[in-house]
There are 2 protein chains.
Amino acid sequence: MTTAVVQVCSALGDETRWQILQMLGEQPRSASALAGELPISRQAIAQHVEVLIGAGLVERRRHGREVRYVPVGAALSAAVEQLQAAAAGWDRRLEMLKRRAEGPR
Amino acid sequence: MTTAVVQVCSALGDETRWQILQMLGEQPRSASALAGELPISRQAIAQHVEVLIGAGLVERRRHGREVRYVPVGAALSAAVEQLQAAAAGWDRRLEMLKRRAEGPR
DNA sequence: TCGTTGTGCAAGCAACGTATTGCACATCTG
DNA sequence: CAGATGTGCAATACGTTGCTTGCACAACGA
């Protein structure tokens, strides 16, 4: 099993997916609609969106015959929190190491 | 040119790299030292670390003949901020869309 | 000085990810 | 109903990534 943070970052670590996610943030829409505005095929987009869904970053909603994709804030927030927690831990620890190195001079 | 956020996420979107970064956060060390604690070769680790450096997440420091790698908080913080800003924008916008949809009932 | 230890560079390879095309099926509209 | 539109599934091509092995070179220590 891959960590949630890694999965989210992996999903966001692609130019096209990041762009798709931002477009969905502006206005939720279908894969076909996205395909009309991006230089890649609808299926390519569908695969990207699938990855985003897998990471919990996007949700699918049926509207009649079309499927609109909507970004979900929760997964992203959770990942961001973990990232911050990790970074804070490093800072604390590295500061300690630094002080210990400078102390006995 | 790839966005900073994407580059950082791409670097973090790998189980092994995330593990390496956490280990360096605990205690900065050399590629050889890492190789002794991970099930992959030193060169594999060197390549991973190179990616982390490329994203600005890690810094190299020579200590005599060995090279120690130290995590850098700044790049991560910057990326995290952008992520939060983006997410906040979606929430605001999607809330508006939702209200507009519920209003005329 | 000689052996050991830590790095750097390069070639090779298997596996994965991105994007494509083709076709079948459901659904809305005139 | 018939055509247009939106979706789902599958097979395939191709570049990228992750990891390995092999060798050369620099630096520290006995």
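Chain letters run A, B, ... following the sequence lines, proteins first and then strands; every chain starts at 1.
- Taking each heavy atom of A/Y69 and A/R60 in turn, the nearest pair found is OH-NH2, 3.3 Å.
- For DNA chain C, the residues of residues 40-66 of chain A within the heavy-atom distance limit of 4.0 Å (strictly under) are A/I40, A/S41, A/Q43, A/A44, A/Q47, A/H48, A/G64, A/R65, sorted by number.
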Open item on the list: Could you go through A/L57 and A/L76, starting from their C-alpha distance and side-chain angles, then the distance that decides it, and tell me whether this counts as side chain to side chain contact (heavy atoms under 4.5 Å, CB included)?
Closed with: CA-CA 6 Å; A/L57 291 167; A/L76 187 53; 3.8 Å; yes
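- The nearest heavy atom of DNA chain C to A/T16 and to B/S30 marks one nucleotide each, and the one closer to the 5' end goes with B/S30.
- For residues 62-88 of chain B, the pairs satisfying salt bridge (charged side-chain N to carboxylate O under 4.0 Å, His left out) are B/E66-B/R68, with sequence neighbours left out.
- Listed for the A/S41 side chain is a donor-acceptor partner under 3.5 Å among the backbone atoms of A/A44.
- A salt bridge links B/E59 with B/R61: the closest approach of a Lys/Arg side-chain nitrogen to an acidic carboxylate oxygen falls below 4.0 angstrom.
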What side-chain donor-acceptor pairs closer than 3.5 Å can you find for residues 48-55 of chain B, not counting sequence neighbours?
residue, atom, partner, partner atom, Å
B/H48, ND1, B/R17, NH1, 3.2

- [ ] Show the numbers, then the answer: is there a side chain to side chain contact (heavy atoms under 4.5 Å, CB included) between B/V58 and B/L24?
- [x] CA-CA 9 Å; B/V58 162; B/L24 293 179; 4.1 Å; yes
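- The shortest non-hydrogen separation linking B/L21 to B/P71 is CD1-CB, 4.1 Å.
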Can you give each donor-acceptor pair under 3.5 Å made by side-chain atoms of residues 28-35 of chain A, sequence neighbours left out, with the distance rounded to 0.1 Å?
residue, atom, partner, partner atom, Å
A/R29, NE, A/Q27, O, 3.1
A/R29, NH1, A/E37, OE1, 3.2
A/R29, NH1, A/E37, OE2, 2.8
A/R29, NH2, A/M23, O, 2.9
A/S30, OG, A/A33, N, 3.1

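- Rounded to 10°, the helix from C/dT1-D/dA30 to C/dG30-D/dC1 has 30° between the axis fitted to its first five pairs and the one fitted to its last five.
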Task: Worked check of side chain to side chain contact (heavy atoms under 4.5 Å, CB included) between A/V5 and B/L12 - done: CA-CA 8 Å; A/V5 194; B/L12 295 178; over 6 Å; no
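- When DNA chain C is scanned 5' to 3' for any atom under 4.0 Å from a heavy atom of chain A, the first and last hits are C/dT18 to C/dC28.
- Nucleic acid contact class of B/R68 (heavy atoms, under 4.0 Å, all strands): none.
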